[in-house]
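Because only heavy atoms are used, hydrogens play no part in the values below, and waters and symmetry mates are left out as well, while side chains stay in. Lettering of chains follows the sequences in order, A, B, ..., and the numbering in each one begins at 1. Just so we're clear, the structure is a prediction, and the values are computed from it rather than from any experiment.
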Amino acid sequence: MEVADLHPWPATPREAEEIQDRLRPMLDLDGPGPREPRTVAGLDVSYAGDGGGAGVRLAAAAVVLDTGSLEVVAERVVTGTAAFPYVPGLFAFRELPALVEALRALPVSPDLLVCDGYGLAHPRRFGLACHVGVLTGLPTIGIAKTGFIGSYDPPGRRRGDGSPLRDGGEVVGRVLRTRDGVRPVFVSVGHRVDLDTACHLALALTPRYRLPETTRRADRLSRDALAAR
DNA sequence: GCGACAG
DNA sequence: ATCTTGTCGC
């Protein structure tokens, strides 16, 4: 599929922040977005050894599933190196080059992209899911496993229960329970999808496990590719 | 000033 | 993210 170019590429954290601020206005936050996408792609990256600085070996995977059956429609994985050190708030610059390469190799263009991390729930309102959305033009959502910014009250214990994630007086996401009695995930919108639809999709992708089937598939594929060396 | 801090 | 043993539970 087609993906916009990444340049200019930042050499410093300051430049990376400027890029986020410059791309932020490109976001489409009007919903509702695809409620019944036919295909959904999951993105994830695995690292070899200590994953702190730039240059460490990594593998990025994109796995496209049929939304109804959750069967794999297409998948691509590429290996490379971390393009940026890990800095909270600039996480996207670490794996974006490899993810873009994997996406470009896909023989199909998915109806939705699910990122492992945050979208709008970000210090400058431009997390990985937003960045991927602007680059691809596709609807994107972010589903993170742990907290980053914002405050919230614990959601109810049942699958489907959720509570608003608030930051600076605004709702930037939702803490959503995808399985009964299991730790919730953090859902935020990326591009061209509203929060209710994002949570609806998150639940459709978690019929059995806490994390979306898309993320689980991409995680396994990237991990295997790394091990294959 | 002191923590917290997506992956 | 990744490094890791044992341990609890279905």
Side-chain angles (χ1 to χ4, degrees), chain A residues 10 13 16-17 19-20 23-24 27 42-63 77-103 113-134 140-152 165-168 172-176 178-191 195 198 202 208-212 214-229:
Chain A
E17 292 183 3
I19 290 175
Q20 292 179 325
L23 294 181
R24 166 90 179 59
L27 278 182
L43 306 176
D44 194 28
V45 177
S46 293
Y47 297 83
D50 180 57
V56 298
R57 205 165 67 87
L58 57 72
V63 179
V77 59
V78 303
T79 56
T81 54
F84 215 76
Y86 172 69
V87 180
L90 302 179
F91 164 64
F93 294 93
R94 190 166 174 66
E95 19 188 80
L96 223 29
L99 285 176
V100 165
E101 193 182 333
L103 283 169
L113 261 31
V114 179
C115 297
D116 190 25
Y118 286 91
L120 254 200
H122 176 278
R124 281 170 300 285
R125 303 291 181 265
F126 200 75
L128 175 65
C130 297
H131 208 140
V132 170
V134 168
T140 61
I141 65 176
I143 299 183
K145 298 180 285 296
T146 61
F148 180 29
I149 63 158
S151 57
Y152 60 92
L165 179 62
R166 294 194 177 81
D167 181 61
V172 295
R174 186 176 301 161
V175 183
L176 180 70
T178 54
R179 305 299 306 164
D180 291 354
V182 175
R183 296 192 290 157
V185 297
F186 299 74
V187 179
S188 57
V189 306
H191 185 53
L195 187 54
R208 177 150 190 209
Y209 300 101
R210 173 190 178 230
L211 297 180
T214 39
T215 299
R216 300 184 73 253
R217 290 281 194 168
D219 176 72
R220 202 208 309 180
L221 179 58
S222 62
R223 199 171 305 235
D224 289 349
L226 210 51
R229 230 244 112 165

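- Residues from residues 215-224 of chain A that place a heavy atom under 4.0 Å from any atom of DNA chain B: there are none.
- Regarding contacts with the backbone of B:dA6, every side-chain N or O of A:K145 stays at 4.0 angstrom or more from both OP1 and OP2.
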DNA chain C in dot-bracket form (Watson-Crick or G-U pairs under 3.5 Å, [ ] crossing, | inter-strand) is ..........
A correct dot-bracket answer for DNA chain B, with pairs being Watson-Crick or G-U at under 3.5 Å, [ ] for crossing pairs and | for inter-strand pairs, is .......
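- Within the 4.0 Å cut-off from OP1 or OP2 of B:dA6, at least one side-chain nitrogen or oxygen of A:Y86 is found.
- One atom, CG of A:L96, and another, C1' of B:dG7, lie 13 Å apart when rounded to the nearest Å.
- Rounded to whole Å, atom P of B:dG7 lies 9 Å from atom CZ of A:F186.
- At whole-Å resolution of the value, CG in A:L43 and P in C:dA1 are 15 Å apart.
- Counting only heavy atoms from C-beta on, A:F148 has its side chain closest to B:dA6 among C:dT2, B:dA6, B:dG7.
- Sorted by first and then second residue, the salt bridge (Lys or Arg N to Asp or Glu O under 4.0 Å) pairs with a member in residues 179-188 of chain A read A:R158-A:D180; sequence neighbours excluded.
- Every ring-ring contact (aromatic ring centres under 6.0 Å, His included) that A:F126 has, sequence neighbours left out, goes to A:H131.
- Across the protein-nucleic acid pair, A:H122 atom NE2 and B:dC5 atom P stand 16 Å apart, rounded to whole Å.
- Taking the salt bridge (Lys or Arg N to Asp or Glu O under 4.0 Å) definition, one finds that A:E101 meets it with nothing, sequence neighbours left out.
- Using a 4.0 Å heavy-atom distance criterion, A:G147 is classed as a sugar-phosphate-only contact.
- Using a 30° and 60° split on the angle between ring planes, A:F84 and A:F93 fall in the tilted class, from 30° to 60°.
- Computed from coordinates, the A:E17 CD to B:dC5 C1' distance equals 14 Å when rounded to whole Å.
- Residues passing the side chain to side chain donor-acceptor pair (under 3.5 Å) test with A:T178: none are found, sequence neighbours excluded.
- Counting to the nearest Å, the P atom of B:dA6 and the CZ atom of A:R183 are 13 Å from each other.
- Counting to the nearest Å, the P atom of C:dT2 and the CZ atom of A:R94 are 11 Å from each other.
- Residues forming a side-chain contact (heavy atoms from CB on, under 4.5 Å) with A:A198 (at least two apart in sequence, or on another chain): A:I141, A:V187, A:V189, A:V193.
- Dashed line: the shortest gap from a side-chain N or O of A:T146 to OP1 or OP2 of B:dG7 is under 4.0 Å.
- Applying the salt bridge (Lys or Arg N to Asp or Glu O under 4.0 Å) rule to A:R216 yields the partners A:E213; only residues at least two apart in sequence or on another chain are considered.
- The salt bridge (Lys or Arg N to Asp or Glu O under 4.0 Å) pairs that include a residue from residues 125-134 of chain A are A:R125-A:D167, A:R125-A:E170, where partners are two or more places apart or lie in different chains.
- No contact: A:L99 has no heavy atom under 4.0 Å from any strand.
- The salt bridge (Lys or Arg N to Asp or Glu O under 4.0 Å) check on A:R220 picks up nothing, with sequence neighbours excluded.
- At a threshold of 4.0 angstrom between heavy atoms, the contacts of A:L128 include nucleobase atoms, whether or not backbone atoms are also involved.
- Atom P of nucleotide B:dC5 and atom CG of A:L165 are separated by 13 Å, given to the nearest angstrom.
- Remark: ring of A:F91 not stacked against base of B:dA6; the cut-offs of centroid gap under 5.5 Å and plane tilt under 30° are not jointly satisfied.
- In the displayed structure, A:R57 atom CZ is contacted under 6.0 Å by more than 12 heavy atoms of other residues, nucleotides or ligands.
- With sequence neighbours left out, A:T214 forms a side-chain contact (heavy atoms from CB on, under 4.5 Å) with A:V40, A:L65, A:V114, A:L205, A:P212.
- A centroid separation of less than 6.0 Å is found between the aromatic rings of A:F186 and A:Y152.
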